[in-house]
Amino acid sequence: MNNGQPDINPKLLSPYNPEETEGRIYKLWEESGFFNPDICIEKNVTDKDAEPFSIVLPPPNVTGTLHIGHASMLAIEDIMVRFARMQGKRTLWLPGTDHAAIATQSKVEKIIEKEEGKRKNDLGREEFLKRVNTFAQDSHDTIIDQAKKMGASLDWSREAFTLDDKRSLAVRTAFKKMYDDGLIYRGNRIVNWDPKGQTVISDDEIVYEERKAKLYTFKYSKDFPISISTTRPETKVGDVAVAVHPEDARYKEYVGKEYDEIFCGVPIHIKIIADAAVEKDFGTGALGVTPAHSQIDADIAYKHNLPTVQVINEYAKMIVGGENLLGKKTTEARDIIVEWLRTEGLLEKEEEITQNVSTAERTGGIIEPLPKLQWFINVNKPIKDRDNKTLKDLMLEPIRGKNINILPDRFEKVYYNWVENLRDWCISRQIWYGHRIPVWYKGNEIYCDVEEPKEADWEQDPDTLDTWFSSGLWTFSTLGWPDLESKDLQIYHPTTVLETGYDIIFFWVARMILMSQYLLDEIPFKTVYLHGLVRDAQGRKMSKSLGNIIDPLDVAKKYGADAVRMSLVMGTGPGNDSKMSEDKIKSYKNYANKLWNITRFVLSNTNEIKYNDNFQEYTKKDKELLTERDEIFKTITKEMEEYKFYLAGDKIYQYTWARFADIIIEESKPILNGENDEDKSSRAQFLLDTLIKINIILHPFMPFVTEEIWSLLPVENKNLLMVTPWPINDTTN
RNA sequence: GCGCGGUUAGCUCAGUUGGUAGAGCGUCCCCUUGACGUGGGGAAGGUCACAGGUUCGAAUCCUGUAUCGCGCACCA
C-alpha cells in the first residue's frame, strides 16, 4: 500500500463533478461515431454479421421542450441500446421528431394571436406555415440538445422528421396504395367536430370530462303523445323521429304515426319508430332522434331511412329558426328553448345529472357531432390480395399469434378490446400544418397519386392528414421505405423493441401495426415495452397548476444526468406509473460519488500491481468472492435481457455499495496492509477486476460517470466504455 | 355497465417457480478511524387491506369483500 501520496489521477482527489464531466464525455462519444452502427462495424467494435438490434425513438412533438416523461423514455431506451451495443449487437437507435399537426398548429396560433393579435387567416396559408416551420425548427433544436444532455446514444446521422421529404413520400405512397385498394374513402358521415380547433378529430382524440348538466323532460307540443328527455334541447329543432323500444307497451300504439309540429318556431316532422337500441328504463323510455348531431341517432336514422336535418354549424351556432334562434350559440339557444318550453307549459321535469362531455384532446373544445364530408380508412373491408382479411384482422393477428410481445402482457386485452370495437378512422383534418391529402379535384373528377397531376386546373384537397397517419409509418419510413432496396430497411426492420407510454397504445402502437402489416406484410417490432407516467413524490400528475413539475434539465444540471436517469428507471416496471422526487435523484447522485470514491480507494491501493484480466492465482476466499460476484452479474444480465431494468439496476447498486464497498473493501484493508504477498496480490486483482466490471455493467444506467472512471482505469488497449464488450456472455444455468 | 391494476415499515416501492418479510428515503443512538460525512456501524418500525379456501406451509395460488386509481362503453 502506498502511504502518503498515491500515484493516481488528481481528478479523483475531489468529489465527482457531473457538470464538468457530462458535456465533455458526450462530445467524446459523438466524435467517436459509435452511435452509428456502420462506424462500429468499420472500426471493428461490432461484427458485420452480428445480430441487429434496433429501436426507433418515439418522436417527441415539436411543440416545445422535453419533459420528465421524455427523459424517462430516453433513459429506458438508452439502457436497452447501450446494453445491446456492448453485447456486440449491430445496434441502431434512430432519432426523430414529430410535426404533431394539430398540437403544433394550435400552439403557434396562440403565440401569433398573443404577440401580434392576428389569426392564421390574416396571414394566409403560406405565411402561416412559414411561421409554424420556424417554430418547429427552434423547438426541434431545443429537443435535440436536451436529448444529448440526457446521454442518449442516438444515431444523429439518421435523424428523421415526420414531415420531411422522405417521410412525405412515404405518406403519399401509403395513401395512394390504400386509396387504390379502396381502404381509404371519402364519405359524408357524422364526425367529431371541434369548433375551437375548427377541425374534425378522430374518436381517439376525444377526452371525456365529467360535468354537471341538466336533463330536461318535455313534449314537442301539447298534443304530442310522448315525452322525451334531453340535455341538449337546442338540437331538438333537428329531430326527425321519436324512437321507442319495440316491446314498450306504453308507446306501442303510436309506432308508425307521424306528426307535424312547430317547435320553438321551427317546423319539424316527427315519425314514431320502434328500435331495440332504446332503453325502456332510461328517462321516459323515448328518444328524440337527431340524426345530424348524434352518432347513435344517425345510426338509428340510417336504419329507418330517416332524413338528416342539420341545425348547428361549424361555429356551434344555430342555422335554423327565426330571429329568436338563428345565429345564436348553442348554449344561448338552449336557454331560449328551455324558456320557450317553460312558457308553453311543455316542460315536465328538470333534473341535475352528471354526464361525460366529449372534448377535444388538444384544444379542450366541446365536440359538436356534425355531418361532414371527410376521408376515412375502412377497417372492416376485406382486402382481396390479403386473403380477404380486414385491417382489423391485420392488427389482431400478430398479437394473437404472439409475434409481437407486449410488456406487460395485460395490455394485450386492452388492445384486443380497442381493435374489436374500432370504427372507421377519420384521417382528414381541416388544418394547414401537416401532410396535405394527395388528392386533386377537377369538377366531379378525383385524382389520387403520389405526385400531383401534370395537367392544369386540378385543385388539391385543402385538408391535411391526422398526424398519426405519418406516425404509423414511423418504424419503416425512417429506415428508407418506400425504397424496398434500402439496406437499413432490410437490416433493421422489423425493429427489435418499441418503447413508449401505455397512454398511446391506441393512437400509435395500433396504427404502426396496422400500417406495417398492410404495407410491408411484416410486424413493425417484436416487443412493445410500455412505460407509465412519471408522477410527483405524492403520486400526482405533474402539472403547471400544481407547480410540481420537475424539469429534467434543471435536475440534471444540479445532480447529474446519470442520477436523473437512474432515478427514472429505479422502482418502476413496464406498465406502472413511477414516482419522482428530488430526494430520489439526490440519492443516486450520492451513488455516483460513492463509485467515484471506491475508484479512488481501489486505484490508490492497487497501483503497485499490474492489472491482469486473466489472473489465475486467486486465494480460496477470493475465488468465493468471484463466484458470488459473477453469479450476481449473471442474474443482472439475465434481468436486462428480460427488460427488468429496475431489478438489474437495484442489484448492481446493492452489490457496489452494500457488498463491495461496505464489506469487501473494509475486509480488504488489513489484507492490503498485511505481509502476505499472495493474499495481497490476489485481493488487489479482485478489487480492480470487480471495479472494472461494475463500471461496465453500470454503464447503460449511468453512462457518464462510468465512462469517466473508465478513462482512469488501468486497462490495456481500451476503447471507449460504450463499446466495451459486456463481461457476461452466458446466462444459462 | 364491462375490463384492468394497486393495497407490504412513517413515505416510495421490491419481493422471479408457494418455504421464517427486503431496499431506499425518513426517525433514533453511536463513530470527526487514512476511499468516501454525498460517509460508516447499530436500532426501532410490518396480523403483507379484509374474510374464507387450497396446502405440511400463502405476501405469493383460488373465491369473495372493501378501498383507491385507470381504460372502454353508456351518457336520450
Side-chain angles (χ1 to χ4, degrees), chain A residues 1-4 6 8 12-16 203-204 208 210-211 213 215-217 227-233 235-236 239 242-244 277-279 282-290 294 296-297 300 353-358 408 410-418 420-421 502-503 505-506 532-533 535-539 541 559 563 567 570-573 575-605 635 638-639 642 644 646-647 649-651 653-654 657-658 661-663 665-666 668-669 673 687:
Chain A
M1 166 145 186
N2 214 331
N3 289 322
I8 56 164
L12 274 172
L13 297 177
S14 43
Y16 174 61
D203 295 343
D204 305 288
Y208 294 102
E210 215 169 68
R211 289 188 194 175
L215 183 68
Y216 302 95
T217 302
S227 305
I228 57 164
S229 300
T230 185
T231 53
R232 299 200 58 191
T235 64
K236 297 289 109 181
D239 279 13
V242 165
V244 298
V278 180
E279 272 186 51
F282 191 94
T284 61
L287 165 65
V289 181
T290 324
S294 155
I296 308 233
D297 292 12
I300 293 175
I353 58 159
T354 52
Q355 64 163 8
N356 281 331
V357 178
S358 309
R410 63 184 146 89
F411 280 97
E412 284 177 12
K413 242 184 189 169
V414 183
Y415 180 87
Y416 291 142
N417 188 273
W418 182 79
E420 279 156 10
N421 293 312
Y502 65 71
D503 51 330
I505 183 165
F506 307 137
L533 251 59
R535 297 167 176 275
D536 75 358
Q538 283 117 61
K541 271 189 187 172
Y559 304 106
S567 61
M570 300 307 295
T572 169
N576 291 325
D577 293 352
S578 60
K579 279 163 196 162
M580 193 52 170
S581 64
E582 281 210 34
D583 276 348
K584 191 171 171 190
I585 304 171
K586 219 188 280 177
S587 70
Y588 291 109
K589 179 194 160 74
N590 294 351
Y591 177 52
N593 194 52
K594 184 74 183 180
L595 191 68
W596 189 254
N597 289 318
I598 289 171
T599 305
R600 181 191 309 152
F601 175 85
V602 173
L603 290 189
S604 59
N605 285 284
T635 309
K638 207 169 172 183
E639 285 169 345
E642 290 166 353
K644 294 173 176 168
Y646 50 107
L647 293 180
D650 192 53
K651 282 212 178 58
Y653 176 92
Q654 293 301 333
W657 204 318
D662 288 349
I663 312 276
I665 284 183
E666 288 309 319
S668 300
K669 286 175 182 173
N673 285 318
L687 291 179

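Proteins come first, then strands; the chains are lettered A, B, ... in the order of their sequence lines, and each starts at number 1. Keep in mind that this is a model prediction, so the values were computed, not measured.
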Qualifying residues under side-chain hydrogen bond (donor to acceptor under 3.5 Å, both in side chains), relative to [X], sequence neighbours excluded:
{"X": "A/E210", "result": "none"}
{"X": "A/S587", "result": "none"}
{"X": "A/K584", "result": "none"}
{"X": "A/Y502", "result": "A/D577"}

Taken in chain and number order and not counting sequence neighbours, the residues that satisfy side-chain contact (heavy atoms from CB on, under 4.5 Å) with A/D204 are A/S202, A/W418, A/F506, A/F507, A/R511
| How would you list, by chain and number, every residue that makes a side-chain contact (heavy atoms from CB on, under 4.5 Å) with A/I505, sequence neighbours excluded? |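 Result, side-chain contact (heavy atoms from CB on, under 4.5 Å) vs A/I505: A/F411, A/Y415, A/V509, A/L530.
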If I pick the [atom1] atom on [M] and the same atom on [N], what distance separates them, to the nearest angstrom?
{"N": "B/C48", "M": "B/U60", "atom1": "C1'", "answer": "10 Å"}
{"N": "B/G22", "M": "B/G46", "atom1": "C1'", "answer": "11 Å"}
{"N": "B/G15", "M": "B/U8", "atom1": "P", "answer": "14 Å"}
{"N": "B/U63", "M": "B/G10", "atom1": "C1'", "answer": "34 Å"}
{"N": "B/A23", "M": "B/A9", "atom1": "P", "answer": "14 Å"}
{"N": "B/G5", "M": "B/G42", "atom1": "P", "answer": "40 Å"}
{"N": "B/A49", "M": "B/U7", "atom1": "P", "answer": "7 Å"}
{"N": "B/U16", "M": "B/A73", "atom1": "P", "answer": "35 Å"}

Looking across every strand, which nucleic acid part, if any, lies under 4.0 Å from [X] by heavy atom: base, sugar-phosphate, or nothing?
{"X": "A/I598", "result": "base"}
{"X": "A/V602", "result": "nothing"}
{"X": "A/A661", "result": "base"}
{"X": "A/D662", "result": "sugar-phosphate"}
{"X": "A/N593", "result": "base"}
{"X": "A/I665", "result": "base"}

| Main-chain N/O of A/K413 paired with A/N417 side-chain donor or acceptor, under 3.5 Å | no
Short side-chain N/O contact to B/U38 OP1/OP2 from A/K594, under 4.0 Å:
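For A/K594, the contact criterion (side-chain N or O under 4.0 Å from OP1 or OP2 of B/U38) is not met.
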*asked:* Under 4.0 Å from OP1 or OP2 of B/U33: is there any side-chain N or O of A/K669 that close?
replied: no
Atom-pair distance ([atom1] on [X]; [atom2] on [N]), nearest Å:
{"X": "A/Y502", "N": "B/C72", "atom1": "OH", "atom2": "C1'", "answer": "15 Å"}
{"X": "A/K589", "N": "B/C36", "atom1": "NZ", "atom2": "P", "answer": "17 Å"}
{"X": "A/E210", "N": "B/C70", "atom1": "CD", "atom2": "C1'", "answer": "14 Å"}
{"X": "A/M570", "N": "B/A14", "atom1": "CE", "atom2": "P", "answer": "11 Å"}
{"X": "A/F411", "N": "B/C72", "atom1": "CZ", "atom2": "P", "answer": "11 Å"}
{"X": "A/F601", "N": "B/G39", "atom1": "CZ", "atom2": "C1'", "answer": "14 Å"}
{"X": "A/N417", "N": "B/C70", "atom1": "CG", "atom2": "P", "answer": "18 Å"}
{"X": "A/N673", "N": "B/U33", "atom1": "CG", "atom2": "P", "answer": "17 Å"}

Check the orientation of A/Y591 and A/Y588. Use parallel for under 30°, tilted for 30 to 60°, and perpendicular for over 60°. perpendicular
Could you list, one pair per line, each protein nitrogen or oxygen that sits under 3.5 Å from a nitrogen or oxygen of nucleotides 5-13 of chain B, together with the distance?
unit_1, atom_1, unit_2, atom_2, d
B/U12, O3', A/K579, NZ, 3.2
B/C13, OP1, A/K579, NZ, 2.5
B/C13, OP2, A/K579, NZ, 2.8

Those residues that, when tested against [X], pass salt bridge (charged side-chain N to carboxylate O under 4.0 Å, His left out) (two or more places apart):
{"X": "A/D503", "answer": "none"}
{"X": "A/K236", "answer": "A/D239"}
{"X": "A/E279", "answer": "none"}

Using atom names, set out every protein N or O paired with an N or O of nucleotides 73-75 of chain B below 3.5 Å, distance rounded to 0.1 Å.
unit_1, atom_1, unit_2, atom_2, d
B/C74, N4, A/N356, ND2, 2.2
B/C75, O2, A/N356, N, 3.0

Please give the nucleotide sitting opposite [N] as a Watson-Crick or G-U wobble pair, both distances under 3.5 Å, or none.
{"N": "B/A51", "result": "B/U63"}
{"N": "B/C74", "result": "none"}
{"N": "B/G22", "result": "B/C13"}
{"N": "B/G5", "result": "B/C68"}
{"N": "B/U33", "result": "none"}
{"N": "B/C28", "result": "B/G42"}

Assert: residue with more 5' nearest nucleotide on RNA chain B, out of A/T230 and A/K651, is A/K651
Less than 4.5 Å apart, any side-chain heavy atom of [X] and any of [Y]?
{"X": "A/L687", "Y": "A/N605", "value": "no"}
{"X": "A/K651", "Y": "A/Y653", "value": "no"}
{"X": "A/F601", "Y": "A/K669", "value": "yes"}

Let's see if you can work this out: which of B/C72, B/A35, B/G15 has an atom nearest to the side-chain heavy atoms of A/E666?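 Selected nucleotide (nearest to the side chain): B/A35.
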Item to complete: Tell me which nucleotide among B/G15, B/A35, B/G71 gets nearest to the side chain of A/L647.
Response: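 Of the options given, the side chain of A/L647 lies nearest B/G15.
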Are there any protein N/O atoms within less than 3.5 Å of an N/O atom in nucleotides 23-27 of chain B, and if so, which ones and at what distance?
unit_1, atom_1, unit_2, atom_2, d
B/A23, O2', A/Q654, NE2, 2.8

Nearest heavy-atom approach of A/D297 to A/G288 is OD2-O, 3.3 Å
